[in-house]
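This report refers to the structure that appears directly beneath it.
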Amino acid sequence: MRVVKTVAELRQQVKVWKSEHEKIVFVPTMGNLHAGHLALIKHAHTFGDKIVCSIFVNALQFERDEDLQTYPRTPEQDIEALESEDVDLVFMPEHDEVYAEKHKPKNVIPKHPINQELCGEYRPGFFDGIVEVVARLFDMVTPDVAVFGEKDYQQLVIIKLLVEDLSLPIKIESVATQREEDGLAYSSRNAYLNPQERTKARHLHAALMHVKTQIESGFKNFEALEQQAMGQLSLAGFQPDYVAIRDAVDLGNPAYATDSIVILGAAWLGKARLIDNLLLQMR
Ligand code: PAF
């Protein structure tokens with residue numbers, strides 16, 4: 001496994017692989033890898049030949065400097081984990097390498113109203129920062145396929161829009177959320193939970209499951225279900241930002257004829273802001 005820090009080294013290796021007709025699969029991460037990331041990499045192997053993984057803590061998607069400073073960084077452990085998952089290349093650039101003017105993609109990056117909704121409403125600039133870095137990384141890696149987790153569902157929808165808007169020849173694949181035994185979705189931010197909070201954390205998944213079960217049994221007053229779930233989370237000790245039931249394709253308000261919906265939730269528990277979602281087929 002090669003570990004490279006510069007765009008020049010990355011491009012040189014990718015060029016060799018492309019000349020050998022290898023299909024390149026890209027898994028972007030911010031490091032501190034957990035079972036969720038490892039599932040992305042396992043799936044990545046099924047989508048192509050050479051796996052490129054990036055580890056880059058993107059300052060542009062952090063609202064508060066404090067959060068950026070304390071974001072867990074475990075580079076040695078990450079490299080070891082990627083090595084054992086047969087990753088071919090790890091790209092670990094510094095901030096100035098990614099954001100060098102010469103590495104700005106030529107395409108103008110579009111901004112959609114959905115960037116300001118749901119998590120975007122509570123974390124201003126968050127999705128603009130993600131779109132900016134993903135567009136740059138796509139331009140550097142030029143993968144055939146890129147893999148993202150469904151846990152960050154809004155991010156996944158926004159990245160699909162980016163690829164569509166820029167007509168990038170990249171197939172976006174998604175992998176189902178990986179969960180601990182009690183239902184809590186794996187996340188680097190779970191490290192901020194103290195033992196008591198960790199015990200309570202399962203209530204986020206439970207609240208969304210409760211919404212799902214009620215919809216499945218025919219209850220269709222979505223607004224009432226969202227409010228009920230928010231109340232349930234507050235009672236369990238969370239400070240909920242939102243629970244929202246949306247169309248799974250574009251995150252719009254679900255129309256009567258919607259095929260699939262997604263139930264999304266974001267809530268603070270102590271210092272951790274947890275997010276989760278559940279998909280539901282309507283027919
Ligand atoms: O999902 C993440 O880890 C990040 O948002 C990403 C896609 C690597 C961009 O920094």
Side-chain angles (χ1 to χ4, degrees), residues 7 10 25-41 43-44 51-64 67-75 77-79 81-82 85 87 89-99 103-105 109 111-112 114-115 118-120 122-141 143 145-163 166 168 170-178 185-192 264 266 272-277:
V7 175
L10 167 72
V25 188
F26 178 42
V27 185
T29 82
M30 297 209 295
N32 190 236
L33 305 179
H34 49 65
H37 296 109
L38 301 185
L40 300 185
I41 292 158
H43 277 82
I51 313 300
V52 175
C53 188
S54 62
I55 297 180
F56 177 66
V57 182
N58 175 35
L60 261 64
Q61 67 192 79
F62 286 82
E63 204 185 320
R64 294 166 305 150
D67 194 21
L68 172 64
Q69 301 312 331
T70 57
Y71 193 82
R73 289 167 173 86
T74 50
Q77 261 166 261
D78 294 345
I79 290 175
L82 296 177
E85 293 296 334
V87 165
L89 184 144
V90 186
F91 180 45
M92 291 180 80
E94 296 293 335
H95 176 92
D96 290 353
E97 180 70 354
V98 172
Y99 286 107
H103 294 143
K104 196 175 162 57
I109 296 167
K111 287 185 180 172
H112 285 276
I114 191 65
N115 292 16
L118 302 165
C119 281
Y122 294 91
R123 304 183 69 187
F126 175 58
F127 289 114
D128 293 341
I130 290 179
V131 166
E132 179 73 37
V133 77
V134 170
R136 283 176 184 252
L137 291 169
F138 279 178
D139 197 55
M140 293 166 185
V141 180
V145 180
V147 188
F148 293 85
E150 286 173 7
K151 193 199 128 229
D152 299 300
Y153 197 82
Q154 190 176 1
Q155 166 174 283
L156 176 65
V157 170
I158 289 172
I159 287 166
K160 283 182 179 166
L161 280 174
L162 171 75
V163 166
L166 301 184
L168 299 175
I170 302 174
K171 187 159 195 282
I172 301 299
E173 295 281 2
S174 68
V175 176
T177 305
Q178 305 297 303
Y186 281 102
S187 163
S188 299
R189 288 194 164 85
N190 294 352
Y192 302 151
L264 307 123
R273 184 177 186 275
L274 304 179
I275 60 168
D276 204 348
N277 68 80

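Numbering of ligands and ligand atoms starts at 1, following listing order.
- A side chain to side chain contact (heavy atoms under 4.5 Å, CB included) with Val90 is found for one member of Ile55, Asp78, Thr29 and no other, namely Ile55.
- Arg123 and Gln61 get closest at one heavy-atom pair: NH2-O, 3.8 Å.
- Side-chain contact between Val133 and Leu60: absent, with no pair of heavy atoms (C-beta onward) separated by less than 4.5 Å.
- Some N or O of Gln61 is nearer than 3.5 Å to an N or O of ligand 1, by distance alone.
- No side-chain donor from either of Asn58 and Tyr71 sits under 3.5 Å from a side-chain acceptor of the other.
- At least one N/O-N/O distance between Gln155 and ligand 1 falls below 3.5 Å.
- Close contacts of ligand 1 with Val133, meaning ligand atoms under 4.0 Å from a residue heavy atom, involve 9 (C), 10 (O).
- Looking at Ile159 against ligand 1, nothing comes within 4.0 Å, counting heavy atoms.
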